[in-house]
Amino acid sequence: KEAKEIARMKRIGLMLAGIGLLATVLLAQMAGDRGQTSLELSGGKVSIEYGRPALAGRDVKSMLQPGMEWRMGSNAATTLDTNIDLKFGNKTVAKGKYVLKAKFVEEGKWLLLVTEDDKTLVEVPMTTGTNASPVESVTIKLEKQGTGGKLTVSWGTLNDAATFQKA
């Protein structure tokens, strides 16, 4: 009788260990791969944090329809954090933390959306290009350009960019 009880306890222990392992794997997949890019600009710092989904054989263009907004990543929102005011075209974004999205308008036409509390504050036309070879995971880069910066989003053959200045 005692041997049966020990065997039952072992099975329960193994089952709980298996459930724990499964939960750990699922949580890791939910967190996903996160990326971060930053740029020092005129005494301030601009940074973006984003999810990096893999292409995994999908075609980016077939996943989007005109008028659709894209979170520019996966899982948690793509965020812009700046401790200086920025100017995108003729539109100013005050220092703070924002959610970034991209809007597919039509073939070759994208807008960068800077949002706060689900309200779009700024819509900026993006320069659309094509990557020579497909980029497997979403990649966002901030680079110095002249006295300002350039934000580039790449995934698959998609390559969209927007420029900004210190306001």
Side-chain angles (χ1 to χ4, degrees), residues 26-42 44-146 148-167:
L26 289 174
L27 286 173
Q29 286 178 347
M30 286 173 57
D33 185 18
R34 302 296 293 171
Q36 197 273 337
T37 182
S38 62
L39 176 67
E40 298 288 331
L41 185 66
S42 301
K45 184 175 181 181
V46 179
S47 60
I48 296 174
E49 196 266 334
Y50 60 101
R52 301 194 69 221
L55 203 54
R58 297 178 290 177
D59 176 34
V60 175
K61 290 182 180 182
S62 69
M63 293 188 285
L64 298 167
Q65 299 298 316
M68 286 180 72
E69 291 181 6
W70 175 45
R71 292 181 359 177
M72 298 190 337
S74 60
N75 299 326
T78 296
T79 56
L80 166 71
D81 195 354
T82 176
N83 63 7
I84 56 173
D85 294 347
L86 300 176
K87 195 164 190 167
F88 290 87
N90 63 354
K91 298 174 182 171
T92 302
V93 173
K95 63 183 172 184
K97 190 168 184 175
Y98 302 93
V99 171
L100 295 179
K101 298 178 182 178
K103 183 175 183 178
F104 177 57
V105 179
E106 60 189 33
E107 185 65 37
K109 188 173 181 184
W110 286 80
L111 296 173
L112 175 67
L113 308 177
V114 181
T115 68
E116 184 176 44
D117 298 326
D118 292 326
K119 180 183 173 196
T120 299
L121 305 177
V122 174
E123 287 188 359
V124 181
M126 297 181 86
T127 304
T128 302
T130 303
N131 294 317
S133 57
V135 174
E136 179 60 25
S137 295
V138 169
T139 303
I140 299 177
K141 287 192 233 174
L142 287 173
E143 304 170 282
K144 190 103 168 112
Q145 182 166 323
K150 179 179 177 183
L151 178 159
T152 305
V153 181
S154 297
W155 196 29
T157 57
L158 177 74
N159 185 295
D160 290 344
T163 59
F164 56 92
Q165 300 288 324
K166 179 179 177 184

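Atom OG1 of T92 sits about 11.5 Å away from atom CG of L121, to the nearest 0.5 Å. We find the OG1-CE distance between T163 and M126 to be 10.0 Å, quoted to the nearest 0.5 Å. Put simply, NZ on K166 and OG1 on T82 are 9.5 Å apart, with the number rounded to the nearest 0.5 Å. In this structure, L111 CG and K101 NZ are separated by 13.5 Å, a value rounded to the nearest 0.5 Å. Separating the NZ atom in K103 from the CG atom in L64 is a distance of 13.0 Å, to the nearest 0.5 Å. Note that NZ of K144 and CG of L41 are 5.0 Å apart. Values are rounded to the nearest 0.5 Å.
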Under the criterion side chain to side chain contact (heavy atoms under 4.5 Å, CB included), I'd like the reasoning laid out for L100 against L113: C-alpha separation, chi angles, the key distance, then a yes or no. CA-CA 6 Å; L100 295 179; L113 308 177; over 6 Å; no

Let's go through V60 and T157 carefully: what are the C-alpha distance in whole Å and the side-chain angles of both, what is the deciding distance for side chain to side chain contact (heavy atoms under 4.5 Å, CB included) to 0.1 Å, and is it a yes or a no? CA-CA 8 Å; V60 175; T157 57; over 6 Å; no

Please report the C-alpha distance between L86 and Y98 in whole Å, then the side-chain angles of each, then the deciding distance to 0.1 Å, and finally whether the side chain to side chain contact (heavy atoms under 4.5 Å, CB included) criterion is met. CA-CA 12 Å; L86 300 176; Y98 302 93; over 6 Å; no

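In this structure, S154 contributes its side chain and V135 its backbone to no donor-acceptor pair below 3.5 Å. At distances below 3.5 Å, not a single donor-acceptor pair connects side-chain atoms of E49 with backbone N or O atoms of Q36. Counting only distance, with no hydrogens or angles, the side chain of T37 and the backbone of L142 share a donor-acceptor pair below 3.5 Å. Side chain of E136 to backbone of A56: a donor-acceptor contact under 3.5 angstrom is found. In terms of modelled atom types and a separation under 3.5 Å, the side chain of D81 and the main chain of S47 share no donor-acceptor contact. Judged by distance alone, with hydrogens and angles left aside, the side-chain atoms of T139 form a donor-acceptor pair with the main-chain N or O of S137 at under 3.5 Å.
Side-chain contact between L39 and F164 is present, with at least one heavy-atom pair separated by less than 4.5 Å. Annotation: side chain of T115 is in contact with side chain of T120 (closest heavy-atom distance under 4.5 Å). With a 4.5 Å cut-off on side-chain heavy atoms, V138 and W70 count as touching.
Classification of the W110-F104 ring pair by plane angle, with boundaries at 30° and 60°, yields tilted.
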